[in-house]
Q: 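Would you mind keeping the following structure in view while I ask a few things?
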Amino acid sequence: MMGGHATTAVAPTMGGAVALADPAPVRGPSPPLVRLLVLALVGLAAALVVVNRQYRTGEMALASVFVSWTSDHGVYLAADRQALYFGLGGDRPFGLAMSPECTSAFLVLPLVLVAAVMIALRPRISSRVLLALGVAAVAVVVVNQLRILTLVGLVGWLGTDRGYYWGHTLLGSMVSVLGGAAALVLFVRLATRKPREAG
């Protein structure tokens, strides 16, 4: 039609014609909200670097809880050194320190930056991206805790030298790589999947 009026599709039926409403467009957040989300994610990424020491302390504190549940010996958390001592009072006491290279923060960091870019380029999927980021970040943290528990178990089983070698250099690295890859695939799948159409 002339004059810029919207048209409405009409479907013929046995009793006449029925107007079909135009599908409602999928709208994303407003531009100011998109900018706010992107800035918040960039700020979160920066915080993971700036407060990395405190992040590692939190990781070891969480690990100390899990190790104390599974260990028959004493467990001590040296929070100021991001270190966990276990097997205290037993035959194989040992200590682990969380270095910057072993923290889950640097696996979460790229996910946060990718989420910021995806929201900036495709605001309509912001909610899916944020959900995917949350799920993937939790998965990465859980994987790192499993790596620590694996190392603790192998030290108790094989001794400090062999247990640390297998738990840190081999199996621990394998757990980190496979877990990180799985978290990335999960993030992309959740962030980019299309919602199911009704009916």
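In this text the structure is predicted, and so the values were computed from the model without any measurement. In this chain, residues are counted from 1 in sequence order.
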Q: Report yes or no: do Leu184 and Leu130 belong to one cluster of Ile/Leu/Val/Met/Phe/Trp/Tyr joined by side chain heavy-atom distances under 4.5 Å?
A: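 Per the 4.5 Å side-chain linkage, Leu184 and Leu130 are co-clustered.
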Q: Are Leu178 and Val138 joined in one hydrophobic group, where the rule is that I, L, V, M, F, W and Y side chains link up if heavy atoms are under 4.5 Å apart?
A: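 No.
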Q: For Tyr165, does the OH atom have more than 12 heavy-atom neighbours from other residues, nucleotides or ligands under 6.0 Å away?
A: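 It does not: Tyr165 OH has 12 such atoms or fewer within range.
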Q: If you take all heavy atoms of Ala132 and Phe187, which pair is closest and at what distance?
A: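 Heavy-atom minimum between the residues: CB-O, 3.4 Å.
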Q: Testing the 3.5 Å rule here: is there a donor-acceptor pair between the side chains of Ser104 and Tyr55?
A: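 A pair is found: one side chain offers a donor N or O, the other an acceptor, under 3.5 Å apart.
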Q: So, does Arg56 use its side chain to make a donor-acceptor pair with the main chain of Ser99 at under 3.5 Å?
A: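 No, the answer is negative, given that no donor and acceptor are paired below the 3.5 Å cut-off.
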Q: Can you see which heavy atom on Thr57 is nearest to which on Ala79, and at what distance?
A: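 Looks like OG1-O, 3.4 Å.
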Q: Determine yes or no for a side-chain-to-main-chain donor-acceptor pair under 3.5 angstrom, with Asn144 supplying the side chain and Ala139 the backbone.
A: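 Looks like no, no N/O pair under 3.5 Å.
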Q: For the OG1 atom of Thr150 and the CE atom of Met174, what is their distance to the nearest 0.5 Å?
A: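 Thr150 atom OG1 to Met174 atom CE measures 11.0 Å (nearest 0.5 Å).
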Q: Quick one: do Leu154 and Val175 end up in the same hydrophobic cluster if we chain Ile, Leu, Val, Met, Phe, Trp and Tyr together by side-chain heavy atoms under 4.5 Å apart?
A: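 Leu154 and Val175: separate clusters.
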Q: Under 4.5 Å between side-chain heavy atoms, counting indirect links through other Ile/Leu/Val/Met/Phe/Trp/Tyr residues: same cluster for Trp69 and Leu151 or not?
A: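 Yes.
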Q: Can you give me the closest heavy-atom contact between Leu133 and Leu41, atom names plus distance?
A: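 Taking every non-hydrogen atom into account, CD2-CD2, 3.7 Å.
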Q: Taking all non-hydrogen atoms of both residues into account, name the closest pair between Leu111 and Ala136 and its distance.
A: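 Between these two residues, the closest heavy atoms are CD1-CB, 3.8 Å.
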Q: Checking Leu88 against His73 for the side chain to side chain contact (heavy atoms under 4.5 Å, CB included) test, could you report, in this order, the C-alpha distance in whole Å, the side-chain angles of both residues, the deciding distance, and whether it holds?
A: CA-CA 6 Å; Leu88 303 179; His73 301 290; 5.6 Å; no
Q: Can you give me the closest heavy-atom contact between Leu84 and Ser64, atom names plus distance?
A: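 Heavy-atom minimum between the residues: CD1-CB, 3.5 Å.
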Q: Apply side chain to side chain contact (heavy atoms under 4.5 Å, CB included) to the pair Glu59 and Gln145, showing each step before the final yes or no.
A: CA-CA 8 Å; Glu59 276 194 297; Gln145 292 296 315; 4.2 Å; yes
Q: Tell me the closest heavy-atom pair linking Ala105 and Leu48, and the distance in Å.
A: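 Closest approach of Ala105 to Leu48: O-CD1, 4.1 Å.
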Q: Checking the side chain of Arg53 only, and the main-chain atoms of Asp80 only, is there a donor and an acceptor separated by less than 3.5 Å?
A: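 Side chain of Arg53 to backbone of Asp80: a pair is present.
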Q: So do the side chains of Met118 and Thr192 get within less than 4.5 Å of each other, counting heavy atoms only?
A: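 Yes, their side chains come closer than 4.5 Å.
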Q: Taking the side chain as every heavy atom from C-beta outward, state whether Asn52 and Phe106 have any pair of such atoms under 4.5 Å apart.
A: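 Asn52 reaches Phe106 side chain to side chain.
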Q: With Ser126, which of Leu37, Val38, Leu33 fulfils side-chain contact (heavy atoms from CB on, under 4.5 Å)?
A: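 Going through the options one by one, the only one that passes is Leu37.
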Q: Evaluate side chain to side chain contact (heavy atoms under 4.5 Å, CB included) for Met60 paired with Ile148, printing each intermediate quantity in order.
A: CA-CA 9 Å; Met60 294 308 279; Ile148 295 173; 4.2 Å; yes
Q: Consider only side-chain heavy atoms of I, L, V, M, F, W and Y, link residues closer than 4.5 Å, and tell whether Val141 and Leu146 are in one cluster.
A: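 In one cluster with Val141: Leu146, no.
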Q: Could you tell me whether a side-chain N or O of Arg147 sits under 3.5 Å from a main-chain N or O of Ser176, the two making a donor and an acceptor?
A: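 Flag not set: sc Arg147 to bb Ser176 has no pair under 3.5 Å.
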Q: Quick one: are Val143 and Leu107 in side-chain contact, heavy atoms under 4.5 Å?
A: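 Not in contact.
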Q: For Val135, check side chain to side chain contact (heavy atoms under 4.5 Å, CB included) against everything at least two apart and list the hits.
A: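 If we apply the side chain to side chain contact (heavy atoms under 4.5 Å, CB included) test to Val135, skipping adjacent residues, the hits are Leu131, Leu186, Leu190.
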Q: Would Phe94 and Tyr164 count as a side chain to side chain contact (heavy atoms under 4.5 Å, CB included) here? Give the steps.
A: CA-CA 10 Å; Phe94 200 74; Tyr164 183 80; 3.8 Å; yes
Q: Has Ser68 got a side-chain atom pairing as donor or acceptor with Val65's backbone, closer than 3.5 angstrom?
A: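 Yes: the side chain of Ser68 pairs with the backbone of Val65.
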